[in-house]
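One structure, pasted below without further comment.
Because the structure is a prediction, the values reported are computed rather than measured.
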Amino acid sequence: MHLLINFLTELPLRPNAYLDPGSGSFILQLIIAGALGFGLALRNYWGRITAFFRRRTAGESGEAEADTDSDE
């Protein structure tokens, strides 16, 4: 218990850190790149996403019908 109280009371009130302009622009670039990457992935997979939620009709079973006619 004494260790916890000592730890909490010894924390610095002012951190000795800063964000320079380079860090801010890097964070902004990460946010923009993430948004653009998400948009491109969504555009590429939009057909699969809508097909997953679309109802299938009787002719749209997703499997090719086997050809049962043979010429033997």
Side-chain angles (χ1 to χ4, degrees):
M1 183 69 175
H2 294 291
L3 183 63
L4 179 63
I5 292 172
N6 285 338
F7 178 74
L8 292 176
T9 57
E10 295 297 323
L11 289 176
L13 298 177
R14 295 177 136 190
N16 296 326
Y18 69 97
L19 286 175
D20 62 342
S23 299
S25 65
F26 181 68
I27 292 170
L28 183 62
Q29 288 178 19
L30 285 176
I31 292 170
I32 292 171
L36 289 175
F38 178 76
L40 287 174
L42 186 65
R43 186 179 76 174
N44 285 339
Y45 292 108
W46 185 251
R48 291 184 183 181
I49 294 169
T50 56
F52 180 76
F53 291 108
R54 192 178 307 136
R55 286 187 176 181
R56 292 179 182 242
T57 60
E60 254 182 56
S61 65
E63 298 177 3
E65 294 181 14
D67 188 28
T68 56
D69 297 348
S70 62
D71 292 332
E72 293 181 29

- prompt: What residues form a side-chain contact (heavy atoms from CB on, under 4.5 Å) with L40, not counting sequence neighbours?
  reply: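 L40 satisfies side-chain contact (heavy atoms from CB on, under 4.5 Å) with R43 once adjacent residues are dropped.
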- Query: Applying the 4.5 Å side-chain criterion to the ILVMFWY set and letting contacts propagate, would F52 and W46 be lumped into a single cluster?
  - Reply: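 Yes, it is one cluster - the side chains of F52 and W46 are joined through contacts under 4.5 Å.
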Let me check something: any side-chain donor-acceptor pairs from residues 23-31 under 3.5 Å, sequence neighbours excluded? List them with distances.
| from | atom 1 | to | atom 2 | distance (Å) |
| --- | --- | --- | --- | --- |
| S23 | OG | D20 | OD1 | 2.6 |
| S25 | OG | P21 | O | 3.4 |
| S25 | OG | G22 | O | 3.0 |

